[in-house]
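These notes concern the structure reproduced below.
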Number of protein chains: 2
Amino acid sequence: MGIGNVSERRNAPPQVGVTSVILALESEERATRDGVSRRRLWLPLVRRTREPFKGLWALPGGPLKANRSLEESAYETLASTTDLHPTYLEQLYTFGDPSRSSGGIPMVSICYWALVEQAEFDVRDSEHNVRWFAQNDLPQLAFDHARIIDYALWRLRHRIDTPNVVRQLIGEPFTLGQLHSVVEAVRGEQLDLANFRRKMLASQMLEDTGDVLREGRRRPAALYRFNSEFESAALDPTLFTASADEVGGFGGGYGRGDHESDGGMSDELSALSALMPNTPHTR
Amino acid sequence: MGIGNVSERRNAPPQVGVTSVILALESEERATRDGVSRRRLWLPLVRRTREPFKGLWALPGGPLKANRSLEESAYETLASTTDLHPTYLEQLYTFGDPSRSSGGIPMVSICYWALVEQAEFDVRDSEHNVRWFAQNDLPQLAFDHARIIDYALWRLRHRIDTPNVVRQLIGEPFTLGQLHSVVEAVRGEQLDLANFRRKMLASQMLEDTGDVLREGRRRPAALYRFNSEFESAALDPTLFTASADEVGGFGGGYGRGDHESDGGMSDELSALSALMPNTPHTR
DNA sequence: CCAAAAGTGTTGATATTACACCCATGT
DNA sequence: ACATGGGTGTAATATCAACACTTTTGG
């Protein structure tokens with residue numbers, strides 16, 4: 001199969017596609033119903049109907065069309081292959097090794113990742129050859145999609161304190177308890193609630209709505225939303241907005257206050273280093 | 001110009017190219033000779049000979065060929081347009097907005113960045129329509145290349161503590177003084193040398209070679225190299241190797257030591273948050 | 001001995017961790 | 001009253017920024 005002979009293929013431009021890793025955090029109900037100790041992440045895969053890797057599962061994706069932005073292409077592809085409509089997409093990486101299609105025509109994949117409401121994920125549609133899999137129970141995957149998924153999961157773990165991501169997972173407003181629980185689930189580690197709440201409140205990211213959430217027979221919890229200053233960053237990694245402080249690090253600063261004129265930049269990295277916890281001691 | 005009519009163009013796949021931002025840190029000699037207070041970064045640009053943006057300067061780049069990896073394409077393109085042969089390339093981002101070519105055919109650019117020896121940069125070749133510009137003295141740029149350069153500079157600043165980058169800038173082995181000076185130049189801020197050296201030594205990244213560097217009439221400095229454990233990460237952001245500690249952050253940990261089986265991951269982010277300095281106080 | 005950079009010590013301020021404890025609520 | 005999470009306090013420790021200080025060299 002394939003088009004043309006070897007030398008023709010050699011000079012042809014490669015195919016370009018957009019591939020997306022869609023993630024959904026399972027609800028607490030489902031987790032307890034399934035008897036899982038912690039909420040898991042699920043993702044939709046599409047069964048391949050053609051070679052190469054026919055019959056295996058793959059990430060949803062499709063060709064990149066001209067006069068579409070990369071994001072638009074990703075959205076359209078998702079809609080047509082899985083009926084999903086995430087409200088937030090972030091570019092992950094572009095993969096282009098000729099080896100990755102192992103025999104097929106060379107394929108460049110511009111990869112995105114996104115989150116989707118739990119609700120959408122409950123659509124366990126078996127139509128369209130789409131199926132949801134738990135992140136820790138994936139089938140054999142086509143191409144290098146396993147690696148792409150790993151990278152997407154890594155990104156999620158490192159973006160979990162970001163307005164867009166949190167909103168997608170629990171909506172707004174939310175209680176500190178909810179936030180804590182989701183962060184724990186995604187990061188896969190336990191965090192001291194008392195310190196967590198203090199740090200969040202000190203971070204200036206949150207804004208008290210004044211409302212409370214009453215639930216069950218316990219004390220009502222204050223509801224927060226993200227401070228509007230802290231949007232930015234997450235959508236487009238290249239939007240390294242000038243703001244706040246630098247990343248932090250090495251030795252001591254000097255304190256001459258000579259910030260450059262090309263603008264300091266916060267963003268993906270600094271947002272994280274500023275907000276993520278240090279590894280706790282195991283004592 | 002342009003091929004086909006509008007509707008044909010609309011359905012055609014977009015052009016795909018590889019674009020590179022090459023950076024070189026000027027030597028101390030040049031900086032002092034030019035009377036610049038701090039060493040600057042320089043980058044090569046190519047003058048466009050065709051529309052769109054004919055006559056303006058642009059980043060070196062070229063079409064992506066099939067049966068080449070993205071990196072290979074970037075290397076080849078660089079060699080043919082600028083005669084540069086960086087030993088290290090890192091993917092930056094893929095830009096694909098139809099608007100970015102403003103009128104031309106839609107163009108997807110997979111962007112890389114790299115560092116090059118000061119030596120190579122001394123080749124101020126005016127042949128090939130290539131010219132080097134200081135990062136703070138750029139001409140008007142074609143497409144959205146100004147933005148791409150900003151992003152590359154941002155990445156460099158945040159990768160400056162990484163083996164590959166340091167090696168490219170000062171080679172190995174190096175003294176703590178050299179490292180300190182380069183980091184200061186790239187980050188564009190002054191760092192307390194005493195604290196810098198302590199932090200570096202504590203970081204476990206460095207390994208004493210046992211040798212010393214004698215220079216001038218001053219005390220010889222110990223020479224270090226990077227500990228071989230700390231390679232990884234920088235080349236391919238998706239190589240999030242399991243190692244060391246998590247990123248750090250939020251509230252308190254819990255200390256049950258239940259690291260997940262899918263592997264903790266250090267990498268670009270954690271490497272940075274672990275090593276970069278916090279903003280010094282200006283007092 | 002001097003200049004200059006290498007390298008070490010110290011201190012106050014701030015942040016982090018781990019854990020004890022009180023608070024408000026519906027049943 | 002009591003179980004349950006919401007929310008606060010706090011002591012021990014670690015980290016950091018700042019800057020004073022000592023050491024080693026060539027001339």
Side-chain angles (χ1 to χ4, degrees), chain A residues 28 173-182 184 189-204 206 208-209 211-224 245-258 273-283, chain B residues 28 173-181 184 187 189-204 206 208-224 245-257 273-283:
Chain A
E28 299 221 42
F174 48 82
T175 70
L176 288 176
Q178 293 171 329
L179 182 57
H180 174 251
S181 129
V182 168
E184 271 192 341
E189 73 185 308
Q190 280 166 288
L191 301 170
D192 183 276
L193 176 58
N195 295 328
F196 176 86
R197 90 188 332 273
R198 255 188 302 257
K199 216 171 190 184
M200 283 309 296
L201 292 174
S203 75
Q204 309 263 288
L206 301 184
D208 195 333
T209 63
D211 297 328
V212 294
L213 175 69
R214 306 180 169 273
E215 214 178 6
R217 60 182 187 176
R218 52 182 181 279
R219 176 174 177 176
L223 285 165
Y224 296 86
D245 295 1
E246 285 286 316
V247 156
F250 270 155
Y254 187 76
R256 280 245 322 288
D258 64 341
S273 70
L275 295 166
M276 287 288 181
N278 291 316
T279 309
H281 290 191
T282 304
R283 60 164 212 144
Chain B
E28 299 220 43
F174 47 83
T175 70
L176 288 176
Q178 293 172 329
L179 183 57
H180 173 250
S181 128
E184 271 191 342
R187 305 261 314 265
E189 71 185 310
Q190 280 166 288
L191 301 171
D192 183 276
L193 176 58
N195 295 328
F196 176 86
R197 89 188 335 273
R198 255 188 302 257
K199 218 172 187 183
M200 283 309 296
L201 293 173
S203 76
Q204 308 262 289
L206 301 184
D208 194 334
T209 63
D211 298 328
V212 293
L213 175 70
R214 307 183 168 273
E215 213 179 6
R217 62 181 190 178
R218 52 184 182 278
R219 178 175 177 176
L223 286 165
Y224 296 86
D245 295 2
E246 285 285 316
V247 155
F250 269 157
Y254 186 77
R256 279 245 322 287
S273 69
L275 294 165
M276 287 287 181
N278 292 315
T279 310
H281 290 192
T282 305
R283 59 167 210 138

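Computed from heavy atoms alone, side chains included, the values below leave out hydrogens, waters and symmetry copies. Chain naming here is simple, since letters A, B, ... match the order of the sequence lines and numbering starts at 1 in each.
- Q178(B) pairs by the side chain to side chain donor-acceptor pair (under 3.5 Å) definition with nothing, not counting sequence neighbours.
- If you take CG of L213(B) and C1' of dT25(D), they are 13 Å apart, rounded to a whole angstrom.
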Any N/O pairs under 3.5 Å between the protein and nucleotides 22-24 of chain D? List them or say none.
{"residue": "dT23(D)", "atom": "O2", "partner": "R219(B)", "partner atom": "NH1", "Å": "2.7"}

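- Contact check for V212(B) versus L223(B): no side-chain heavy atoms found under the 4.5 Å cut-off.
- Here the nucleotide nearest the side chain of A194(B), chosen from dC19(D), dT25(C), dT25(D), is dC19(D).
- The residue R198(A) sits close to a base: some heavy atom pair falls under 4.0 Å.
- Between the CD atom of Q190(B) and the C1' atom of dC19(D) there is a distance of 15 Å, given to the nearest Å.
- A distance of 8.0 Å separates CD of Q190(B) from NE2 of H180(B), quoted to the nearest 0.5 Å.
- Over its full length, the helix from dC1(C)-dG27(D) to dT27(C)-dA1(D) turns its helical axis through 10°, comparing axes from the five pairs at each end and rounding to 10°.
- Between the CG atom of L201(A) and the P atom of dA15(C) there is a distance of 15 Å, given to the nearest Å.
- Summarising the geometry, the separation between CZ on R197(A) and P on dG6(D) is reported as 8 Å, rounded to the nearest angstrom.
- Residues passing the side-chain contact (heavy atoms from CB on, under 4.5 Å) test with R198(B), sequence neighbours excluded: A194(B), N195(B).
- Applying the side chain to side chain contact (heavy atoms under 4.5 Å, CB included) test between Y224(A) and each of L201(A), T175(A), D211(A) identifies L201(A) as the sole match.
- Atoms CZ and CG, on F196(B) and L176(B) in that order, are 7.0 Å from each other to the nearest 0.5 Å.
- Between R214(A) atom CZ and dC23(C) atom C1' there is a gap of 14 Å when expressed in whole angstrom units.
- One interatomic measurement links the two molecules: CD of E215(B) to C1' of dG27(D), which rounds to 16 Å at whole-angstrom precision.
- Note that CD of E184(A) and CG of D192(A) are 9.5 Å apart. Values are rounded to the nearest 0.5 Å.
- OP1 or OP2 of dG5(D) has not a single side-chain nitrogen or oxygen of R217(A) nearer than 4.0 Å.
- Listed by chain and residue number, E215(B) satisfy the salt bridge (Lys or Arg N to Asp or Glu O under 4.0 Å) test with R218(B) (two or more places apart in sequence, or in another chain).
- Across the protein-nucleic acid pair, L223(A) atom CG and dG6(D) atom P stand 11 Å apart, rounded to whole Å.
- Not one side-chain nitrogen or oxygen of K199(A) sits closer than 4.0 Å to the OP1 or OP2 atom of dA15(C).
- Which of dG9(D), dT25(D), dA17(D) sits closest to the side chain of N195(B) comes down to dA17(D).
- Atom CE in M200(B) sits 12.0 Å away from atom CG in L193(B) (nearest 0.5 Å).
- To the nearest angstrom, P of dG5(D) lies 17 Å from CZ of F196(A).
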